[in-house]
Q: 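Quick one: the structure is below, questions incoming.
Values below: all heavy atoms of this structure, side chains included; hydrogens, waters and symmetry mates excluded.
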Amino acid sequence: MNSHELIESFGEFARSKNIDRPTMMSILDDVFRTMIRKKYDQDENFDVIINPDNGDLEIWRNREIVDDNSEDIWDHDKIPLAEAQKIEPDFEVGESVAEGVKLEDFGRRAVLMARQTLIQRVKDLERDNLYQKYKDQVGEIVTGEVYQVWSREALIMDKDDNELVMPKGEQIPKDRFRKGDTVRAVVHRVEVINGTPKIILSRAAPAFLERLFELEVPEIYDGLIVIKNVVREPGERAKVAVESYDERIDPVGACVGMKGSRIHPVVRELENENIDIINYTDNLELYIARALSPAKVGSMKINQENGRVSVFMKPDQVSLAIGRGGANIKLASRLVGMEIDVFREAIDYEEDISLDEFQDEIEPWVLAELKKIGLDTGRAVLAVKKDDIVRRTELEEEMVDDVYRIIRQEFADDEDLDENSLESAKNRVATGKTAEVAEEEAAVTHASETDTTPEHTPLETEMTNENQPTTEEAGASSPAEPAQ
């Protein structure tokens, strides 16, 4: 391969990769100077002239002529007079000689190595450009075409034919991609694996929902409305807290738009994900009440040191607060950054036994763990599922089973029946409790009358599938204010 073919083939390859001319010239010069250093140990007195447009390459070696008996004849930039006169007979001492070096002089192996080096340098540059491009776009929306779909990820090609990947975990569960589909996603992160950048896209990240709102709501794009926080269960439900810097603008109404005109495109893009738009406030109690919308909160107790909130509400609001599969209360907890425990306000007060009455049979530290999560009576403990107590406390399953056994035995020892308790249990079943919990509460109605009457009956934290709220106009509902 001669110099013309080498440079011409490299030029075509570089142009196909959108490498600009100055960068291409710099790569060529660097590669040829590397060849020179390998052969001559240095390249300071060499000139490399390249014209990639027509494939021309000239390499000139510049040296100063010295006397044949001079001690400098071994310097890299000196040449003896006798050797210089072989190039041009009329050369004299002190003159400079520019000797042309052909590419073939470096040997066939060196030329092939130079070709591979040129191609590799372009690929390295292409990877570096790709990394820098998408590193600056993390959190921004990109549009691409689905090229291939596998079980664990989808391969997306952008407009420059760069390969982007979207793992299954970063897709909305309802997404069904086919080759050739146009898809929008947010650049989630950029990784470098074995020197190759890997661009990870996401449609499940909260940032994707944020960017969609910026596209649909001009006030958010202009900074008049700020998205304070976004939490999502992709494809199911999302909560967005917004705040307006202009008191004349209603942030919730602006995000929803007239008849939902602004939020509907977002909902469609997210495969009909229910979105609750919440007006952000620095009043923590009010913020929590709004986060639990559409349920209406009666009252609450906030423990900021432990990061927990006990919320009390009417029985018919319980299923609304929990939501389908517990999605509503999970998202509300993440939105406010605190663990929310929901309790039912007792309407028909049942006869109950304080946990302090069990001190002889249950260890004090166990009772303390139960009280930390608001369970201070026997019925309160029996109303909560075992798995939930294990999750919220430091107790193990065996210990919780022992607690259940001791409390149930205490109720079973009394033969008197409280008809009011039985009727109360039936009423709660009618307000939306699951069949399993209804059976459990019907069983405890055989308890005897005692002198202890709880102020609140704690709510079981199991997830109910009934009465799932639908968000009017894609979720911009007005939450209830907490009781003062």
Q: What pairs of residues pass the side-chain hydrogen bond (donor to acceptor under 3.5 Å, both in side chains) test when at least one of them lies in residues 247-258, not counting sequence neighbours?
A: Asp246-Arg248
Q: Not counting sequence neighbours, list each pair that qualifies as a ring pair (Phe, Tyr, Trp, His ring centres under 6.0 Å) and has a residue in residues 211-239.
A: none
Q: Once side-chain contact (heavy atoms from CB on, under 4.5 Å) is applied, do any residues pair with Gln116, and if so which ones, sequence neighbours excluded?
A: none
Q: Output all residues satisfying side-chain hydrogen bond (donor to acceptor under 3.5 Å, both in side chains) with Glu191, sequence neighbours left out; order by chain, then residue number.
A: Arg189
Q: What pairs meet the ring pair (Phe, Tyr, Trp, His ring centres under 6.0 Å) rule with one or both residues in residues 24-53, with sequence neighbours excluded?
A: Tyr40-Phe46
Q: Between Glu339 and Arg391, does any NZ, NE, NH1 or NH2 come within less than 4.0 Å of an OD or OE carboxylate oxygen?
A: yes
Q: Working to the nearest 0.5 angstrom, can you tell me the gap between Leu130 CG and Asp160 CG?
A: 9.5 Å
Q: If every non-hydrogen atom of Tyr245 is compared with every non-hydrogen atom of Gly223, which pair is closest and at what distance?
A: CD1-O, 3.7 Å
Q: With sequence neighbours left out, write down each residue that passes side-chain contact (heavy atoms from CB on, under 4.5 Å) with Glu214, or none if nothing qualifies.
A: Arg211, Ile220
Q: Hey, could you give me the CD1/CG distance between Ile329 and Leu320, rounded to the nearest 0.5 Å?
A: 12.0 Å
Q: Taking side-chain hydrogen bond (donor to acceptor under 3.5 Å, both in side chains) as the definition, give me every residue that meets it alongside Lys198, ordered by chain and number, with sequence neighbours left out.
A: none
Q: Name all residues meeting the salt bridge (Lys or Arg N to Asp or Glu O under 4.0 Å) criterion together with Arg268; count only those two or more places apart in sequence or in a different chain, and write none if there are none.
A: none
Q: Give, for atom OG of Ser244 and atom CG of Leu224, the distance between the pair rounded to the nearest 0.5 Å.
A: 7.0 Å
Q: Can you tell which of Arg237, Arg232, Lys239 makes a salt bridge (Lys or Arg N to Asp or Glu O under 4.0 Å) with Glu273?
A: Arg232
Q: Could you state the interatomic distance from CG (Asn129) to CG (Asn162), rounded to the nearest 0.5 Å?
A: 9.5 Å
Q: Determine whether more than 12 heavy atoms belonging to other residues, nucleotides or ligands lie under 6.0 Å from atom NZ of Lys102.
A: no
Q: What residue pairs, at least two apart or across chains, pass ring pair (Phe, Tyr, Trp, His ring centres under 6.0 Å) with a residue in residues 281-307?
A: Tyr280-Tyr287
Q: Name every donor-acceptor pair, under 3.5 Å, that has one atom in a side chain of residues 176-185 and the other anywhere in the protein, sequence neighbours excluded.
A:
residue	atom	partner	partner atom	Å
Arg176	NH1	Pro173	O	2.8
Asp181	OD2	Arg178	N	2.8
Arg184	NH2	Glu269	OE1	3.3

Q: Between Arg61 and Asp47 (salt bridge meaning N to carboxylate O under 4.0 Å), is one present in this structure?
A: no
Q: Can you tell me how far CZ of Phe208 sits from OG of Ser202, rounded to the nearest 0.5 angstrom?
A: 8.5 Å
Q: Check this for me: does any side-chain nitrogen of one of Glu243 and Lys228 sit under 4.0 Å from a carboxylate oxygen of the other?
A: yes
Q: So, Lys330 and Glu233, do they make that salt bridge, N to O below 4.0 Å?
A: no
Q: Between Asp124 and Arg127, is there a side-chain N and carboxylate O pair less than 4.0 Å apart?
A: yes
Q: Going from CG on Leu164 to CE on Met157, what distance comes out if it is rounded to the nearest 0.5 angstrom?
A: 8.0 Å
Q: Which residue pairs pass the salt bridge (charged side-chain N to carboxylate O under 4.0 Å, His left out) test with at least one member in residues 139-159, sequence neighbours excluded?
A: Lys133-Asp158
Q: Sequence neighbours left out, what passes side-chain contact (heavy atoms from CB on, under 4.5 Å) with Asp43? Give chain and number order.
A: Arg33, Ile36, Arg37
